[in-house]
Enquirer: 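Shown below is the structure under consideration.
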Amino acid sequence: MIQPARATARTQVAVIGAGPAGLLLAHLLAQDGIDTIVVETRTQEYVAARIRAGILESASVELLTAAGLGDGIAAHGDEHRGIYLQWPGERHHLDFVDLVGRSVWVYGQTQVQHDLVVASEAAGRAVIYGVTDTALHDLDTDRPSVTFTTADGASERIEADVVVGCDGSFGPSRSAMPASVRRTWERTYPYSWLGVLADVAPSTDELIYGWHPDGFALHSMRSADVSRLYLQVPNGTDVDAWSDDRIWDSLQTRLGEGIDGWSLAAGPITEKSVLPMRSFVQSPLRHDRLFLAGDAAHIVPPTGAKGLNLAIGDVALLAPALAAWLRSGDRSLADAYSDTALRRIWRCEHFSWWMTSMLHTSADPFDAQLQLSQLRWVTSSNAGAAGLAENYAGLPFGF
Ligand code: FAD
Ligand code: DHB
């Protein structure tokens with residue numbers, strides 16, 4: 001059968017995925033005079049509405065601010081000095097500013113995404129939403145390309161100098177790395193999170209991470225009027241099995257037991273979903289003219305809030321590396337990208353696994369004693385607390 005002719009566009013960097021990694025990469029490259037075209041399977045509205053991460057490390061805030069994307073954070077973000085860690089009967093505050101001199105910011109991924117879309121539209125950058133059949137070609141030549149079908153059914157091709165896969169855990173870029181060079185590491189966890197968004201003022205000034213025999217609970221927030229809360233639930237949990245009353249009762253038990261004088265304010269739940277938890281790394285992050293960034297290359301379980309920050313960290317390394325290559329032919333940073341990024345990625349993989357393992361309960365009473373011992377150490381020893389604080393508030397991007 002004769003295939004219909006494809007319209008071909010030419011750019012320097014073809015970016016697959018318009019999540020935070022893809023849009024931030026396009027933004028930073030534009031500041032270095034590099035052209036991009038971004039393709040995205042979802043609609044702009046769908047991507048903008050996804051409820052995801054809530055915490056930015058200080059290095060992420062510094063990078064976004066330096067890139068001219070800091071106005072929303074300055075106006076609506078909430079700087080936190082630390083977190084609370086607790087178990088029944090004890091709640092302890094860890095002050096990251098005192099411990100390691102760095103803070104974190106509550107600023108939702110939806111807000112980051114919004115800021116990126118506004119900047120992208122203001123600059124008139126090419127972002128093509130609603131595509132299907134995204135495929136990568138000729139990655140081992142100096143003219144790689146991406147083909148796709150537009151929302152109108154037209155077949156299109158983008159030819160580029162390099163292709164960057166920012167297409168998250170389900171996109172095609174990861175598996176476009178040749179099987180002969182790629183290596184993966186993976187861990188699944190025997191529990192999930194039930195996450196809810198509620199129209200109620202947070203019952204805490206800073207996030208509470210709670211260990212409880214019934215399972216982990218987390219009290220986070222999005223604003224002075226909106227709370228974000230999570231409960232550990234078994235894998236395969238049906239969200240309909242959790243009525244609003246059951247959710248509020250469980251949160252009150254897991255976060256309130258033995259904490260004198262504290263109670264959780266309940267309110268209307270506006271969103272409810274179950275998230276599985278997984279650790280995953282694929283290396284290398286670059287082969288020939290294909291690069292990976294963000295969730296396309298690695299996944300962390302959410303405890304410790306590293307996923308979005310890791311995506312920002314990858315892009316912070318990749319943008320100057322591609323700019324040096326495409327502007328002056330200097331490939332040294334591009335050649336170093338995978339190894340440099342992986343050092344930080346594995347540190348965050350370890351931290352996310354460690355926070356997850358310390359806080360999520362299993363049926364094993366021996367494990368429970370180990371977890372409580374670890375929690376007592378982290379909250380009573382300056383060295384233990386500083387280790388957690390340094391990782392949570394975030395290591396430098398080039399770590
Ligand atoms: P994504 O945001 O997944 O973007 C990838 C994009 O690629 C998507 O828009 C997708 O539609 C698109 N795409 C996929 N396939 C194709 C294709 N074939 N063609 C074109 N486009 C394609 N991280 C934190 O740091 N802190 C947190 O508190 C936190 N909480 C989270 C809570 C939840 C509920 C979830 C789900 C995640 C959370 N994370 C958190 C993780 C964080 O959201 C991700 O790590 C982050 O979104 C990664 O950004 P990304 O741009 O790499 O990938
Ligand atoms: C949030 C998510 C996390 O995984 C976390 O560790 C802290 C906060 C959140 O969605 O607000």
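Note: hydrogens, waters and symmetry copies are ignored here, and every other heavy atom, side chains too, is used. When a ligand or atom number is given, it counts from 1 through the structure's own listing order.
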Enquirer: At what distance is the nearest protein heavy atom to atom 9 (O) of ligand 1, and which residue and atom is it?
Expert: Glu40 OE1, 2.7 Å
Enquirer: Pick out the protein N or O atoms lying less than 3.5 Å from any N or O of ligand 2, and list each pair with its distance.
Expert:
from	atom 1	to	atom 2	distance (Å)
ligand 2	4 (O)	Pro302	O	2.6
ligand 2	6 (O)	Tyr209	OH	2.6
ligand 2	6 (O)	Pro302	O	3.3
ligand 2	6 (O)	Gly304	N	3.0
ligand 2	6 (O)	Ala305	N	3.3
ligand 2	10 (O)	Arg222	NH2	2.8
ligand 2	10 (O)	Tyr230	OH	2.6
ligand 2	11 (O)	Ser220	OG	2.6
ligand 2	11 (O)	Arg222	NH1	2.7
ligand 2	11 (O)	Arg222	NH2	3.4

Enquirer: With atoms numbered from 1 as shown, which atoms in ligand 1 lie under 4.0 angstrom from a non-hydrogen atom of Gly19?
Expert: 4 (O), 6 (C), 9 (O), 51 (O)
Enquirer: We want to know whether Arg157 and His137 form a side-chain donor-acceptor pair, criterion being a heavy-atom distance below 3.5 angstrom.
Expert: no
Enquirer: Going by side-chain contact (heavy atoms from CB on, under 4.5 Å), Leu194 matches just one of Leu251, Thr237, Val274, Leu275. Which one?
Expert: Val274
Enquirer: Would you mind telling me if ligand 1 is within reach of the side chain of Thr134, the backbone, both or neither, using heavy atoms under 4.0 Å?
Expert: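 For Thr134, the contact with ligand 1 is made by the side chain alone.
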Enquirer: Below 4.0 angstrom from a heavy atom of Gly171, which ligand 1 atoms are there? Numbered from 1 as shown, please.
Expert: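 Answer, ordered by atom number: 15 (N).
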Enquirer: State which residue, out of Glu349, Glu57, His298, fulfils the side chain to side chain donor-acceptor pair (under 3.5 Å) condition with Lys306.
Expert: Glu57
Enquirer: Do Phe96 and Ile208 sit in one hydrophobic cluster, given that two such residues count as connected whenever their side-chain heavy atoms are within less than 4.5 Å of each other, even indirectly?
Expert: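 No, Phe96 does not connect to Ile208 through the hydrophobic network.
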Enquirer: Return yes if a side-chain donor-acceptor contact under 3.5 Å exists between Gln86 and Trp211, otherwise no.
Expert: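 Short answer, no.
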Enquirer: Judged on heavy-atom distance to atom 5 (C) of ligand 1, which of Ser169, Cys166, Gly17 sits nearest?
Expert: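 Among Ser169, Cys166, Gly17, the closest heavy atom to atom 5 (C) of ligand 1 belongs to Cys166.
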Enquirer: Considering only NZ, NE, NH1 and NH2 on the basic side and carboxylate oxygens on the acidic side, decide whether Arg143 and Glu159 come within less than 4.0 Å.
Expert: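 Looking at Arg143 and Glu159, the cut-off is met.
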Enquirer: How about Arg81 and Ser103: does a side-chain donor come under 3.5 Å of a side-chain acceptor?
Expert: no
Enquirer: Just let me know how Lys306 lines up against ligand 1, side chain, backbone, both or neither, with a heavy-atom cut-off below 4.0 Å.
Expert: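 Just the backbone.
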Enquirer: Out of Thr41, Thr132, Leu136, Val300, who gets a non-hydrogen atom closest to atom 20 (C) of ligand 1?
Expert: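 Ranked by closest heavy atom to atom 20 (C) of ligand 1, first place is Thr41.
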Enquirer: Is it the case that Asp330 and Ser332 place a side-chain donor and acceptor less than 3.5 Å from each other?
Expert: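 The criterion, which ignores hydrogens and geometry beyond distance, is satisfied for Ser332 and Asp330.
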Enquirer: Which of the numbered atoms in ligand 1 are under 4.0 angstrom from any heavy atom belonging to Ile16?
Expert: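 This gives 19 (N), 20 (C) as the contact atoms.
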Enquirer: Are side-chain N/O atoms of Tyr189 and Arg187 paired as donor and acceptor at under 3.5 Å?
Expert: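 No, no side-chain donor-acceptor contact under 3.5 Å.
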Enquirer: Any atom of ligand 1 sitting under 4.0 Å from a heavy atom of Pro302?
Expert: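 Contact absent.
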Enquirer: Is it possible for you to say whether Met355 and Trp346 belong to one hydrophobic cluster, with membership spreading through side-chain heavy-atom contacts below 4.5 Å?
Expert: no
Enquirer: Are any of the N/O atoms in Ile51 less than 3.5 Å from those in ligand 1?
Expert: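 In this structure, Ile51 places no N or O atom under 3.5 Å from an N or O of ligand 1.
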Enquirer: Which bit of Leu275 gets closer than 4.0 Å to ligand 1, counting heavy atoms only: side chain, backbone, both or neither?
Expert: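 Near ligand 1, Leu275 shows its side chain, while the N, CA, C and O stay back.
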Enquirer: For atom 18 (N) of ligand 1, grab the closest protein heavy atom and report residue, atom and distance to one decimal in Å.
Expert: Pro172 CD, 3.2 Å
Enquirer: Side chains of Asp95 and His93: do they bring a donor and an acceptor to under 3.5 Å?
Expert: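 No, His93 and Asp95 have no side-chain donor paired with an acceptor closer than 3.5 Å.
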Enquirer: Does the side chain of Gln282 pick up a donor-acceptor pair with the side chain of Glu186 at under 3.5 Å?
Expert: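 There is no such pair between these side chains.
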Enquirer: Check ligand 1 against Gln109 and write out every atom of the ligand that is under 4.0 Å from a heavy-atom position of the residue.
Expert: 2 (O), 42 (C), 43 (O), 46 (C), 47 (O)
Enquirer: Could you find the nearest protein heavy atom to atom 14 (C) of ligand 1 and give me its residue, atom name and distance?
Expert: Asp167 O, 3.3 Å
Enquirer: Considering heavy atoms of the protein only, find what lies nearest to atom 23 (N) of ligand 1 and give residue, atom and distance to 0.1 Å.
Expert: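 For atom 23 (N) of ligand 1, the nearest protein heavy atom comes out as Leu308 N, 2.9 Å.
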Enquirer: Can you name the atoms of ligand 1, numbered from 1 with element, that are less than 4.0 Å from a heavy atom of Asn309?
Expert: 25 (O)
Enquirer: If you count the atoms of ligand 1 from 1 in the order shown, which ones are under 4.0 Å from a heavy atom of Gly294?
Expert: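 Heavy-atom distances to Gly294 below 4.0 Å select 52 (O).
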Enquirer: With respect to Val106, which candidate in Arg228, Glu79, His80, Glu206 satisfies the side-chain contact (heavy atoms from CB on, under 4.5 Å) definition?
Expert: His80
Enquirer: Between His212 and Glu257, is there a side-chain donor-acceptor contact under 3.5 Å, judged purely by atom types and distance?
Expert: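 A donor-acceptor contact under 3.5 Å links the two side chains.
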Enquirer: Quick one: do the Tyr209 and Tyr392 side chains pair a donor with an acceptor below 3.5 Å?
Expert: yes
Enquirer: Tell me yes or no: between the side chains of Asp295 and Ser169, is some donor less than 3.5 Å from an acceptor?
Expert: no
Enquirer: So, regarding Ala21 and ligand 1 (criterion: nitrogen or oxygen to nitrogen or oxygen, under 3.5 Å), is there a contact or not?
Expert: yes
Enquirer: Below 4.0 angstrom from a heavy atom of Asp295, which ligand 1 atoms are there? Numbered from 1 as shown, please.
Expert: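 Close to Asp295: 44 (C), 45 (O), 48 (C), 52 (O), 53 (O).
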Enquirer: Does a donor on one side chain and an acceptor on the other come within less than 3.5 Å for Thr11 and Asp35?
Expert: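 Thr11 vs Asp35: no donor-acceptor pair found between side chains.
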Enquirer: Which of the numbered atoms in ligand 1 are below 4.0 angstrom from a heavy atom of Gly54?
Expert: 27 (C), 28 (O)
Enquirer: Identify the residue among Trp193, Tyr191, Trp87 that makes a ring-ring contact (aromatic ring centres under 6.0 Å, His included) with Phe216.
Expert: Trp193
Enquirer: For ligand 1, which is the ligand I care about here, please tell me if Arg228 has any N or O atom under 3.5 Å from one of the ligand's N or O atoms.
Expert: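 Not met; the criterion fails.
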Enquirer: As a check for students: among Arg52, Arg42, Arg174, Arg50, identify the option with a heavy atom nearest to atom 8 (C) of ligand 1.
Expert: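 Looking at heavy atoms only, the winner is Arg50.
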Enquirer: Say whether Gly195 and ligand 1 are in contact under the criterion: heavy-atom distance to a ligand atom below 4.0 Å.
Expert: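 No heavy atom of Gly195 comes that close to ligand 1.
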Enquirer: What's the shortest distance from atom 30 (N) of ligand 1 to any protein heavy atom, and which residue and atom give it?
Expert: Ala53 CA, 3.2 Å
